[in-house]
J.: 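Dumping the structure here so I can ask a few things about it.
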2 protein chains.
Amino acid sequence: MAPTPAQLKVLRFLRDHIIRRGYPPSVREIQHAFGFASPNAAAKHLHALAAQGLLELAGRARGIRLLGGALPAADTLTLPLIGKVAAGMPILVEAHVERNLSLDRSLFKPEPDYLLRVVGDSMIDAGILDADLIAIRHTPEARNGQIVVARVDGAVTVKVFRRDHRGVHLMPRNPAYSAIEVDATSDFAIEGLYCGLVRGA
Amino acid sequence: MAPTPAQLKVLRFLRDHIIRRGYPPSVREIQHAFGFASPNAAAKHLHALAAQGLLELAGRARGIRLLGGALPAADTLTLPLIGKVAAGMPILVEAHVERNLSLDRSLFKPEPDYLLRVVGDSMIDAGILDADLIAIRHTPEARNGQIVVARVDGAVTVKVFRRDHRGVHLMPRNPAYSAIEVDATSDFAIEGLYCGLVRGA
DNA sequence: CGGATAGGTGTACATTTGTACACCATGGCA
DNA sequence: TGCCATGGTGTACAAATGTACACCTATCCG
């Protein structure tokens with residue numbers, strides 16, 4: 001399913017606009033650039049291009065992101081490295097960002113949203129050591145056996161997730177530690193899913 | 001008139017957002033990323049940065065354009081991932097390259113030259129598991145206690161390097177394995193130095 | 001002391017913006 | 001002939017968005 005000539009013209013306009021202005025055009029700006037009488041004409045072209053995987057639409061103002069045969073180095077992720085997380089605050093906040101690291105997009109699956117520095121050796125049998133950086137996908141859902149970042153009573157921890165009829169258990173992978181049992185009185189939330197790790201020597 | 005630390009943090013956030021999402025953030029997205037209670041706090045930072053010539057504001061939705069020392073590509077290495085190494089051949093040849101991966105330059109120290117896929121679990125107590133990718137600096141020198149990639153009689157192996165008055169010992173980090181003793185009759189060479197590892201989940 | 005500057009709160013408002021819905025025209029194709 | 005994708009018109013609306021105004025706090029400095 002290749003882009004039609006009309007769609008290609010829109011794609012070139014997008015690339016041009018982003019290079020020259022620094023931000024994507026709005027739907028109506030595309031409309032006027034091409035002389036359309038309706039914003040819908042431009043919107044349809046955008047959605048057609050999105051359906052072909054040539055760009056992503058965020059649904060927000062100017063939420064256009066070119067992919068693949070497009071603008072910048074497309075195959076690297078830029079992930080924020082989260083440092084100390086203040087109790088009660090969501091993890092994904094600029095205030096926590098220590099630095100940003102570039103990593104190949106194809107490295108982790110699913111695609112992670114941030115990196116977290118591991119503290120402690122409770123996951124040592126999973127090959128996750130103290131001071132390792134783990135790549136985390138921000139999501140509140142997990143299946144049994146997956147490694148998750150969870151928040152229990154304000155503290156952030158990395159454990160194997162397990163849920164059964166008695167409740168949620170956060171299992172370490174180190175015989176020296178015991179499981180965290182989450183009961184109804186605990187403030188509990190899954191922060192994200194483990195996608196892989198990076199370790200500098 | 002140099003940007004203040006707070007303004008620098010905003011600038012880094014902008015650059016990062018543009019790289020990762022493909023379009024600039026809105027004023028309110030900046031506000032929420034930093035935990036401000038008012039969109040005005042973010043807007044003021046933007047206008048302060050604009051007054052310093054570090055960016056341009058178009059007055060439209062996400063109308064932020066970085067100037068000068070802003071957008072450029074992150075500092076990334078492109079490392080070849082070495083697949084199966086044929087006996088007798090040097091590691092660093094084109095024929096062995098499976099693919100190339102981009103990784104942040106600041107991640108590993110010293111700077112590695114290639115990636116190697118680990119086979120086996122002889123280094124499990126060092127947190128190096130089967131199928132991990134390890135970053136290797138190509139060098140023939142090593143000090144005691146360092147993790148090295150070595151070639152013994154044609155076979156490539158990852159072990160802890162130790163040299164004493166009796167000769168060279170290649171120590172596993174797994175009690176189930178025993179050390180490789182290198183004597184004068186062996187064909188032995190240090191291929192490189194372990195710099196870190198990457199693991200996809 | 002007094003004043004300027006950086007950084008921030010709180011509220012309000014006119015535009016901008018993405019999208020939804022209904023409808024029309026053309027051309028390829030089975 | 002009927003069908004469907006492409007490309008387009010016209011209208012409407014809730015949400016997102018930049019900005020203006022008033023006011024607060026702390027720090028630095030002459």
Side-chain angles (χ1 to χ4, degrees), chain A residues 1-18 20-67 86 88-90 92-97, chain B residues 1-14 17-18 20-67:
Chain A
M1 186 163 59
T4 66
Q7 288 164 4
L8 269 181
K9 289 184 72 174
V10 173
L11 198 53
R12 280 198 297 270
F13 173 73
L14 294 178
R15 195 196 49 214
D16 265 23
H17 191 285
I18 292 174
R20 210 166 31 246
R21 312 263 198 166
Y23 50 87
S26 70
V27 172
R28 274 170 186 79
E29 284 167 355
I30 302 172
Q31 171 199 344
H32 293 128
F34 285 84
F36 298 150
S38 164
N40 223 351
K44 281 193 184 177
H45 281 134
L46 288 181
H47 285 277
L49 288 165
Q52 294 170 59
L54 293 170
L55 52 81
E56 276 179 8
L57 294 175
R60 293 194 277 267
R62 303 173 194 273
I64 298 173
R65 177 184 172 203
L66 300 185
L67 301 172
M89 268 184 97
L92 268 179
V93 164
E94 162 72 15
H96 293 146
V97 174
Chain B
M1 186 162 57
T4 66
Q7 288 165 4
L8 268 181
K9 288 186 76 172
V10 173
L11 197 55
R12 282 199 299 269
F13 173 73
L14 295 178
H17 190 285
I18 292 173
R20 186 145 9 85
R21 314 263 207 180
Y23 51 87
S26 70
V27 172
R28 272 169 189 79
E29 283 168 354
I30 301 171
Q31 171 200 343
H32 291 128
F34 284 86
F36 298 150
S38 165
N40 222 355
K44 280 194 185 177
H45 281 134
L46 287 181
H47 285 278
L49 287 165
Q52 295 169 58
L54 292 170
L55 52 81
E56 277 179 8
L57 294 175
R60 295 194 277 269
R62 302 171 193 275
I64 297 173
R65 179 187 176 197
L66 300 184
L67 303 171

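A, B, ... follow the sequence lines: proteins, then strands. Residue 1 opens every chain.
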J.: How many whole angstroms separate atom OH of Tyr23(B) from atom P of dT17(C)?
T.: 15 Å
J.: Rounding to a whole Å, what distance do you find between Leu46(A):CG and dG7(D):P?
T.: 13 Å
J.: What is the separation between atom CG on Leu14(A) and atom P on dG18(C), rounded to the nearest whole Å?
T.: 11 Å
J.: Quickly work out the Leu49(A) CG to dG7(D) P distance and round it to whole Å.
T.: 9 Å
J.: Separation of Phe36(A) atom CZ from dT17(C) atom P, in whole Å?
T.: 17 Å
J.: Could you tell me which residues satisfy side chain to side chain contact (heavy atoms under 4.5 Å, CB included) with Pro39(A), sequence neighbours excluded, listed by chain and number?
T.: Val27(A), Arg28(A), Gln31(A)
J.: What is the distance from atom CG of Leu49(A) to atom CD of Glu56(A), rounded to the nearest 0.5 Å?
T.: 13.0 Å
J.: Can you measure Arg62(A) atom CZ to dT17(D) atom C1' for me and round it to whole angstrom units?
T.: 10 Å
J.: Quick one: salt bridge (charged side-chain N to carboxylate O under 4.0 Å, His left out) partners of Arg21(A), sequence neighbours excluded?
T.: none
J.: Among dG10(C), dA16(D), dG18(C), which nucleotide has an atom closest to any side-chain atom of Ser26(A)?
T.: dG18(C)
J.: Measure the shortest side-chain to side-chain distance between Leu54(B) and Leu66(B) over non-hydrogen atoms and say whether it is less than 4.5 angstrom.
T.: no
J.: Rounded off to whole Å, could you give me the NE2-to-C1' distance for the His17(A) and dT17(C) pair?
T.: 14 Å
J.: Report the end-to-end axis angle of the helix from dC1(C)-dG30(D) to dA30(C)-dT1(D); each axis comes from five terminal pairs, and the value is rounded to 10°.
T.: 30°
J.: Between the protein and nucleotides 19-23 of chain C, are there any N/O to N/O pairs under 3.5 Å, and if so, what are the atom names and distances?
T.:
{"residue": "dT19(C)", "atom": "OP2", "partner": "His47(A)", "partner atom": "NE2", "Å": "3.3"}
{"residue": "dC21(C)", "atom": "N4", "partner": "Asn40(A)", "partner atom": "ND2", "Å": "2.2"}

J.: With side chains defined as the heavy atoms from C-beta onward, is the minimum distance between Lys9(B) and His45(B) less than 4.5 Å?
T.: no
J.: OP1 or OP2 of dG7(C) sitting under 4.0 Å from any side-chain N/O of Gln7(B)?
T.: yes
J.: Among all residues two or more places apart in sequence or in another chain, which pass the ring-ring contact (aromatic ring centres under 6.0 Å, His included) test with Tyr23(B)?
T.: His17(B)
J.: Write down the distance between CD (Gln31(B)) and P (dT17(D)), rounded to a whole number of angstrom.
T.: 12 Å
J.: Is any side-chain N or O of His45(B) closer than 4.0 Å to OP1 or OP2 of dA6(C)?
T.: no
J.: Check side chain to side chain contact (heavy atoms under 4.5 Å, CB included) between Leu8(B) and all other residues, then give those that pass, not counting sequence neighbours.
T.: Pro3(B), Leu11(B), Arg12(B)
J.: Is the backbone N or O of Ala58(A) less than 3.5 Å from a side-chain atom of Arg65(A), with the two atoms forming a donor-acceptor pair by type?
T.: no
J.: Just to be sure I understand the rule, does Ala41(B) reach a base, reach only the sugar-phosphate, or reach nothing, if contact means heavy atoms closer than 4.0 Å?
T.: base
J.: Could you state the interatomic distance from CD1 (Ile30(A)) to CG (Leu46(A)), rounded to the nearest 0.5 Å?
T.: 4.0 Å
